[in-house]
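Predicted, not measured: the structure shown is a model, and the values here were computed from it.
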Amino acid sequence: MKSSKPLHGFTGSRRYTLPGALPLPHPVTAALAAGRLTHALCLEAPSPALLRDTAISLAGALLCRKGGAAMCGDCPACRKVLVGEHPDLMLYDPEENKDIYKKDSVRDLRADLYRTPVEAARKVAILQLAERLPAEGQNLLLKIIEEPPVDTFFIFTVQNRYRLLPTVLSRVTCYALPPAGAEDCLRRMRELAPGHTEEELNRALLRCGGIPETGAALLKDPAIQKRYAAAEEMLAGLAMGNGYRILAAAAPMERDRAGYTALLETLGELLANPALREMYNLPGRTAARCRAALAPLLQMCERNAHLPLVTALLAERGKR
């Protein structure tokens with residue numbers, strides 16, 4: 001018997017709007033069309049907005065009454081998804097509510113997932129920027145991810161998959177979302193940061209990973225320029241196996257814990273950037289290993305570890 005009480009919406013105001021569905025990765029649409037989509041997926045991209053909107057589009061495909069490889073956009077279920085009113089779609093977004101990943105909220109989510117859907121044949125939970133879940137929260141969800149109710153799908157979104165606990169990461173199927181095309185990214189950067197030369201725009205394009213908002217910030221904000229320059233120097237040190245270069249680039253940032261944490265997160269973005277990896281002749285396998293090594297170092301930063309020690313550990317691991 002279906003419950004008459006709607007499931008919780010977790011977007012702060014519980015409302016968002018999406019003009020239309022975003023394209024999904026081809027393996028996802030193929031699995032949807034064949035009815036073989038795994039119950040727990042993880043979408044990875046540097047852009048939080050792209051992650052959220054793609055996750056909502058995937059949720060729409062799962063809840064669409066026509067049951068195809070994408071949401072139709074026209075049926076009552078799709079229309080409710082597009083305006084944030086579908087009772088069987090839960091969206092946890094820490095950028096809307098900074099307390100959403102606290103223990104009690106995660107317990108509420110877990111309890112809701114054991115209830116039957118309200119309108120659809122299934123329910124979908126989106127955990128936006130799931131790497132922000134503390135380890136305790138990830139562990140609270142571990143059992144239900146491993147043995148979910150039959151009518152439940154999880155969509156995790158992350159900027160760096162390696163910041164999930166290994167036990168969680170091993171239970172989800174990950175897909176990296178492609179960045180925006182170069183022409184679209186340049187066009188948007190020109191709108192956001194007018195008055196820059198083509199050389200400046202192309203330099204920012206190389207480093208922004210297909211995120212025009214990041215590219216515009218690189219053109220306008222000296223602090224972000226400084227952070228990206230230091231992160232790129234560290235990436236060069238990792239590519240060369242040069243520990244001193246990593247130490248020298250990070251040292252000026254070690255007096256500001258928040259700035260240093262942002263530096264490591266930026267390094268993770270650059271390691272995921274194919275254009276920069278090619279520029280520095282850094283193999284994809286090595287870059288993935290380095291990104292994985294960053295996750296415990298970021299956790300050390302959150303636990304107030306001595307920052308020069310964190311840099312030293314990164315420099316040492318970069319030699320392997």
Side-chain angles (χ1 to χ4, degrees), residues 9-34 36-86 88-96 120 122-131 153-161 172-189 191-192 205 208-216 269 272-274:
F10 290 98
T11 58
S13 65
R14 196 175 174 261
R15 294 298 180 91
Y16 57 84
T17 56
L18 190 65
L22 269 64
L24 302 174
H26 175 70
V28 174
T29 57
L32 277 167
R36 293 185 287 100
L37 191 69
T38 180
H39 72 275
L41 298 91
C42 177
L43 304 178
E44 182 182 40
S47 167
L50 175 64
L51 286 168
R52 185 198 63 191
D53 292 352
T54 305
I56 293 169
S57 299
L58 174 54
L62 287 164
L63 296 170
C64 178
R65 293 187 181 178
K66 294 186 178 179
M71 63 188 302
C72 72
D74 296 322
C75 72
C78 285
R79 290 198 296 269
K80 287 183 178 182
V81 168
L82 289 173
V83 296
E85 294 181 345
H86 200 296
D88 296 320
L89 171 57
M90 292 172 282
L91 171 59
Y92 266 40
D93 189 346
E95 294 198 333
E96 289 282 343
R122 53 175 63 117
K123 54 189 178 289
V124 183
I126 298 172
L127 285 83
Q128 169 78 343
L129 303 177
E131 65 263 57
F153 283 82
F154 292 92
I155 305 172
F156 292 80
T157 75
V158 295
Q159 293 176 291
N160 183 349
R161 70 181 70 178
V172 299
T173 304
C174 290
Y175 301 94
L177 302 181
E183 288 304 315
D184 288 341
C185 193
L186 281 170
R187 176 185 53 77
R188 182 66 177 141
M189 285 164 57
E191 295 171 356
L192 294 169
L205 175 67
C208 75
I211 308 171
E213 293 80 5
T214 299
E269 291 177 26
N273 185 324

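Atom CG of D53 sits about 5.5 Å away from atom CG of L22, to the nearest 0.5 Å. In this structure, the separation between NE2 on H39 and OG1 on T173 is 8.5 Å, given to the nearest 0.5 Å. Rounding to the nearest 0.5 angstrom, the gap separating the OG1 atom in T38 from the CZ atom in F154 is 11.0 Å. Atom CG of L43 is separated from atom CD1 of I126 by 9.0 Å, given to the nearest 0.5 angstrom. Once rounded to the nearest 0.5 Å, the distance linking CD1 of I155 with CG of L37 reads 8.0 Å. Here the CZ atom belonging to R52 is positioned 7.5 Å from the CG atom belonging to L91, to the nearest 0.5 angstrom.
Contact record, C72 with K66: CB-CD, 3.8 Å, taken as the closest heavy-atom pair. Here the shortest heavy-atom pairing between N160 and E131 reads N-OE2, 3.3 Å. The nearest pair of heavy atoms linking C64 to C75 is SG-SG, 3.9 Å. Of all the heavy atoms in P23 and T54, the pair that sits closest is O-CG2, 4.1 Å. Of all heavy-atom pairs between A59 and V124, the closest is CB-CG1, 3.8 Å. Closest approach of C185 and G210 over heavy atoms only: SG-C, 3.8 Å.
Using a 4.5 Å cut-off on side-chain heavy atoms (C-beta onward), L177 and P25 make contact. In this structure, the side chains of P27 and Y175 come closer than 4.5 Å at one or more pairs of heavy atoms. Using a 4.5 Å heavy-atom cutoff, the side chains of L129 and V158 are not in contact. S57 places a side-chain heavy atom less than 4.5 Å from the side chain of L24. When side chains are defined from C-beta on, L62 counts as touching R122, because their heavy atoms get closer than 4.5 Å. T214 has its side chain out of reach of P46: every pair of non-hydrogen atoms, C-beta onward, lies at least 4.5 Å apart. With contacts defined as side-chain heavy-atom distances shorter than 4.5 Å, the pair M71/V81 qualifies. Side-chain contact check for H86 versus L63: some heavy-atom pair is nearer than 4.5 Å.
Using a 4.0 Å cut-off between charged nitrogen and carboxylate oxygen, R161 and E44 count as a salt-bridge pair.
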Hey, mind stepping through L41 and V172 against side-chain contact (heavy atoms from CB on, under 4.5 Å) and telling me if it holds?
CA-CA 5 Å; L41 298 91; V172 299; over 6 Å; no

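With hydrogens and angles ignored, the 3.5 Å screen pairs no side-chain donor or acceptor of D93 with any backbone N or O of Q128. Between the side chain of T29 and the backbone N or O of H26, at least one donor-acceptor pair lies under 3.5 Å.
Within 6.0 Å of the CD atom in E183, the count of heavy atoms belonging to other residues, nucleotides or ligands does not exceed 12.
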